[in-house]
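Working notes, beginning with the structure itself.
Positions are given from 1, in the same order as the sequence printed here. Every heavy atom of this structure was used, including side-chain atoms; hydrogens, water molecules and symmetry mates were not.
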Amino acid sequence: MITDVAPESGSTMPVQRRRRGRIPGWLRGVIWAVIAIAVVSTASYSTGVAALTSSNTASTALRLALPILLCALGGLWAERAGVVNIGLEGMMILGTWGAAWGSYNGGVWAGLVSAIVFGALGGLLHAVATVTFNVNHIVSGVAINLLGLGVTKYLANLIFAPISGNPRQSPVVPKFDTYSATFLSDWLGDLEKQQRVGVSDVAGILRGLVTEVAPLTMLAIILVPVSFWVLWKTRFGLRLRSCGENPVAAESLGVNVYLHKYVAVIISGAFAGMGGASLVLLRGGADYLENQTNGRGYIGLAAMIFGNWRPGGLLGGAALFGYADGLQLAGGGEAVLALLYGAVILVGVIVVVQLFRRQWIAAGLGVIGAGVLYAIYWSNDTLPSDLIPYTAHFVTLIVLAVASQRLRPPKADGQPYRRGED
């Protein structure tokens, strides 16, 4: 609270200061979404690659973004309570096996519950190691990743191998049904076919988001505003976040720091397990396969960091990484190369903004970066097939490098805590 002197009476009175002209977070998200659509639309028409904004790409991107989104939400809950969760990958691996086992024996909803339970058990183990025994968070997370891989390999060999004949995969399991907004999907499909500048691009993207959508997809998206409401609008959320900012101060106010950290990390594991379930139980994906997560737990952690430990930001990060992954599946190397052209346009816009702000060094680096990207685009007709599957990983590295200057993690994130110690 800041006190100012009243101009007439000379007395002091509390005045709530707000930053004038600051754009609300939700509006910033909308602006960035509009910019992103404008960039890919321009790149699509400039390069002649329709896959950049096709409904098939959008639908594939939505499916592939789900495990990243759920892992990012899991990381958000853990790190807001002060626990670094590198073990998201291992918890997701546990979720993939649990989803396949539960779905094979009891149907898709049993598979989802089983995945949540297996992921939560991984979170519980991480909480015991980091909260109770004060093990280094990174060491514990790496151990969880190795343990998740080893446990699922053993269980698959024990339970799935006699049924499927292959110790590295499960038998065929039931998957979630999908639903479409038929009238809206048909109308958007007509607009997409007309190939009208801007309109058809938006129609293609929206059509991919409302066609053949599974209940798990809708549940995952709903969890984003629910997580925001719980963590930022409830007393429980305030206490949990205080454990990640200053646990000693929280303890002095009567907050059970250990309990809140445990709850947060277990929920984190449950979300990661749901992410594993999305790889197994959604149509278009494979049944359980060994190593099918392919580093998505780490990408989810990167999406959370890109989103600055905020639900809305990590949603954007998951959408970006899911889009990059979906594009290489739907359009191949030619589409990924066209995305580079879109990146050149985006960097050009950023350079103009930096020039207006008189950030000469940032603008100069942007010009160099745009030149390098354009040179790669100009000198190639397509990208090597060996590199295309790693498109999302390259995007992750680039985005984290660009976003690293504005990050603000919880102050006590990853720091050891002992009750009663200062």
Set of salt bridge (Lys or Arg N to Asp or Glu O under 4.0 Å) partners for [X], sequence neighbours left out:
X      : result
Arg357 : none
Asp325 : Arg296
Glu192 : Arg207
Arg63  : none

Out of curiosity, [X] [atom1] to [Y] [atom2], how far, rounded to the nearest 0.5 Å?
X      : Y      : atom1 : atom2 : answer
Ile221 : Leu69  : CD1   : CG    : 7.5 Å
Ile222 : Met218 : CD1   : CE    : 7.5 Å
Asn294 : Gln292 : CG    : CD    : 10.0 Å

### Message
Show me the pairs that pass ring-ring contact (aromatic ring centres under 6.0 Å, His included) and involve residues 156-177, at least two apart or across chains.
### Response
Trp97-Phe160, Trp109-Phe176, Phe160-Tyr288

So does [X] have more than 12 non-hydrogen atoms from other groups sitting under 6.0 Å from [atom1]?
X      : atom1 : value
Tyr104 : OH    : no
Leu253 : CG    : yes
Trp232 : CH2   : yes
Tyr341 : OH    : no
Glu334 : CD    : no

### Query
Can you list the residues that meet the side-chain hydrogen bond (donor to acceptor under 3.5 Å, both in side chains) rule with Thr152, with sequence neighbours excluded?
none

### Task
Could you check if a side-chain atom of Tyr258 sits within less than 4.5 angstrom of a side-chain atom of Thr132, using non-hydrogen atoms only?
no

### Task
Would you please classify the geometry between the Trp77 ring and the Phe236 ring as parallel, tilted or perpendicular, with 30° and 60° separating the classes?
tilted

